Number of protein chains: 2
Amino acid sequence: MKLPPLNALRVFLVAAEHHSFTKAGETLHLTQGAVSRHIQTLEAHYGLPLFVRQARGLTLTPEGVALFPAVRDAFSRIEAASEAISRRSRELRVKASPSIASRWVLPRFTQFRNRYPELMVSLVTVTGFDPNFKSREYDISFQACETQEPGLIYHRLRGARFVPVASPALFKDKPRPTIEQFLDYPLLHPSHEDQFWSQWFALSGMNPGSSIEAYAFDTLDLAITAASRGMGITLAEESMIADDLANGSLVQLSDVALVTSWAYYLIYPQELATLPSVIAFRDWALSEFSDSPPPQATL
Amino acid sequence: MKLPPLNALRVFLVAAEHHSFTKAGETLHLTQGAVSRHIQTLEAHYGLPLFVRQARGLTLTPEGVALFPAVRDAFSRIEAASEAISRRSRELRVKASPSIASRWVLPRFTQFRNRYPELMVSLVTVTGFDPNFKSREYDISFQACETQEPGLIYHRLRGARFVPVASPALFKDKPRPTIEQFLDYPLLHPSHEDQFWSQWFALSGMNPGSSIEAYAFDTLDLAITAASRGMGITLAEESMIADDLANGSLVQLSDVALVTSWAYYLIYPQELATLPSVIAFRDWALSEFSDSPPPQATL
DNA sequence: TGTTTACCATGCGTAAAATTCATGGAGCAC
DNA sequence: GTGCTCCATGAATTTTACGCATGGTAAACA
């Protein structure tokens with residue numbers, strides 16, 4: 001393949017559009033002389049003139065006329081493809097369940113946006129999980145799961161540990177309840193399905209039998225919010241209540257923690273692994289949401 | 001318009017085709033390091049990787065995959081257009097009538113081809129004249145004419161001057177005929193239409209009346225050829241018989257020359273005036289077929 | 001007609017970019 | 001481990017691009 005000098009071609013394109021070397025130079029932030037030389041280079045390459053230089057403006061030779069649309073189309077094709085892949089590197093859609101979004105991600109999100117101001121990060125809080133990212137509604141996902149799908153990359157963030165918490169206002173002047181006294185209060189359940197409370201009581205050495213009555217909530221987040229408003233005692237995932245414990249809106253009522261078989265992961269498709277936006281978010285998320293130290297809110 | 005570095009794009013294209021920087025370097029006559037740097041430039045421009053470097057071969061990232069066909073198509077578009085206009089600069093189709101072709105052009109044609117070996121020159125000998133070059137069957141034309149069409153460029157080569165010639169063998173041992181004795185021999189007429197012989201006799205001060213019987217030929221060339229074979233006396237255009245006079249196959253029988261109102265021109269469309277091939281041929285033809293000195297054959 | 005004006009061309013010096021060379025390092029095969 | 005094959009990279013060099021200033025030309029102007 002014997003291509004003409006490509007930079008000269010771009011100069012040719014602009015000069016042909018302007019019918020002027022001088023104006024082309026202004027557009028390209030070049031001097032008129034530089035434009036003239038580029039055109040000369042191109043004309044030397046083809047061995048024929050592309051412009052007819054007249055004192056009264058510049059016109060294209062038939063060869064220049066033939067070349068012009070090809071160059072214009074070629075460059076606009078490159079421009080379109082470049083624009084498409086550039087956009088992908090600047091945008092990032094992060095998916096998280098409502099609980100994780102409000103309790104984990106949102107408190108730290110501004111920090112990330114400040115560190116990477118050129119990234120257009122958006123938070124998607126669809127419930128449910130598209131296991132293969134087929135819908136392409138998001139690029140990277142915070143997700144609790146037990147099994148792994150092929151084609152996806154999983155970074156384990158932390159296991160889930162549930163501890164009992166309640167608003168201090170719930171007890172007013174009374175002392176905080178012992179485990180045995182939990183049943184005197186409304187028990188809030190962070191799920192409709194899992195039997196967190198009975199598992200936790202079993203772990204504590206109690207067997208309350210079928211006497212557990214709990215108000216079930218859709219999400220972990222709602223149960224925590226309800227508890228902090230004094231509606232009762234809930235089991236809360238440890239990493240989600242750092243803020244509330246710190247500002248006193250919740251108190252932890254026991255050190256007994258229910259550890260689930262599943263864990264929280266950061267997940268993204270293998271083919272996005274090279275995107276700088278994905279890499280940046282992954283590295284940041286792994287350092288922020290890592291296992292050992294319960295994360296501190298940094299608003 | 002914000003285009004990526006174009007030379008780097010070409011390197012990217014070749015590297016993507018070879019799945020190897022080293023092989024791309026060989027193809028492009030560059031070192032492997034230079035290719036590596038070009039790719040780095042491009043990746044820095046986009047802010048994302050285009051290749052996945054593995055010890056076992058090179059693969060494209062999804063962004064590289066997206067970019068590849070656009071670059072390939074864009075460059076092949078440029079290449080096609082370049083090829084088209086390059087070909088136009090290397091090819092030249094010269095039109096001449098059979099007479100001019102065989103008597104003027106052909107004897108000197110090899111000289112031109114030797115001087116411009118890169119030009120693909122072809123000789124088109126259609127009879128008749130497409131006055132506006134509309135058929136596009138030829139680029140430049142030797143043509144006898146009186147009027148000029150707009151949009152065409154005319155270079156006058158020489159007026160036509162007809163003188164009587166014959167083969168010396170026609171007269172054997174007899175002396176060459178005087179003008180009065182011409183009628184004793186067959187008169188060959190180089191045209192079906194024009195009355196060259198009667199005009200020429202008038203010019204010589206003779207009035208042979210209607211007694212002129214002439215064998216008419218289609219072209220000037222045929223009449224000359226017939227005369228050189230001893231078939232009779234013909235009027236021949238001066239510039240077409242230099243060879244024959246020089247090698248003795250024809251002798252000129254009088255200095256009286258019939259000058260026509262028309263002349264021979266070299267003609268080409270204005271829009272081809274910038275083509276180097278046209279310019280080269282025009283300059284050569286003007287010096288070769290110029291008016292004053294009767295051209296010498298240079299085979 | 002002479003002058004101005006608006007172009008493009010070009011010689012020269014400099015700044016920037018491309019390229020090479022030599023070397024280093026990482027993964028794979030044996 | 002050892003060799004092999006790639007790609008990355010620091011430093012030096014060559015090449016190229018560029019700006020500046022100037023010159024030339026043809027149209028427009030007055």
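Model, not experiment: these values are computed from the prediction.
Under the rule for a side chain to side chain contact (heavy atoms under 4.5 Å, CB included), the partners of A/E118 that lie at least two apart in sequence or sit in another chain are A/Y116. Partners of B/E137 according to the side chain to side chain contact (heavy atoms under 4.5 Å, CB included) rule, which considers only residues two or more places apart in sequence or in another chain, are B/V126, B/S135. With sequence neighbours excluded, the residues satisfying side chain to side chain contact (heavy atoms under 4.5 Å, CB included) with A/S82 are A/I78, B/P4, B/Y46, B/L67. In this structure B/E43 satisfies the side chain to side chain donor-acceptor pair (under 3.5 Å) test together with B/R53, sequence neighbours excluded. With sequence neighbours left out, the side chain to side chain contact (heavy atoms under 4.5 Å, CB included) criterion links A/P62 to B/R88, B/E271, B/T274. For the salt bridge (charged side-chain N to carboxylate O under 4.0 Å, His left out) test, no residue two or more places apart in sequence or in another chain qualifies with B/R113. Residues that satisfy the side chain to side chain donor-acceptor pair (under 3.5 Å) test with B/T22, not counting sequence neighbours, are absent from this structure. Under the ring-ring contact (aromatic ring centres under 6.0 Å, His included) criterion, A/Y264 pairs with A/W104, A/W262, sequence neighbours left out.
At distances below 3.5 Å, at least one donor-acceptor pair connects side-chain atoms of B/T27 with backbone N or O atoms of B/K23.
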Letter by letter from the 5' end, nucleotides 7-22 of chain D scores (B base, S sugar-phosphate only, - none; protein heavy atoms under 4.0 Å) BBBBB------SB---
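Pairs passing the ring pair (Phe, Tyr, Trp, His ring centres under 6.0 Å) check and including a residue from residues 17-38 of chain B, sequence neighbours excluded, read B/F21-B/F51.
Using a 4.0 Å cutoff to heavy atoms of chain A, the contacted part of DNA chain C runs 5' to 3' from C/dC8 to C/dC12.
Two end axes, each from the C1' atoms of five base pairs, can be drawn for the helix from C/dT1-D/dA30 to C/dC30-D/dG1; they diverge by 30°, to 10 degrees.
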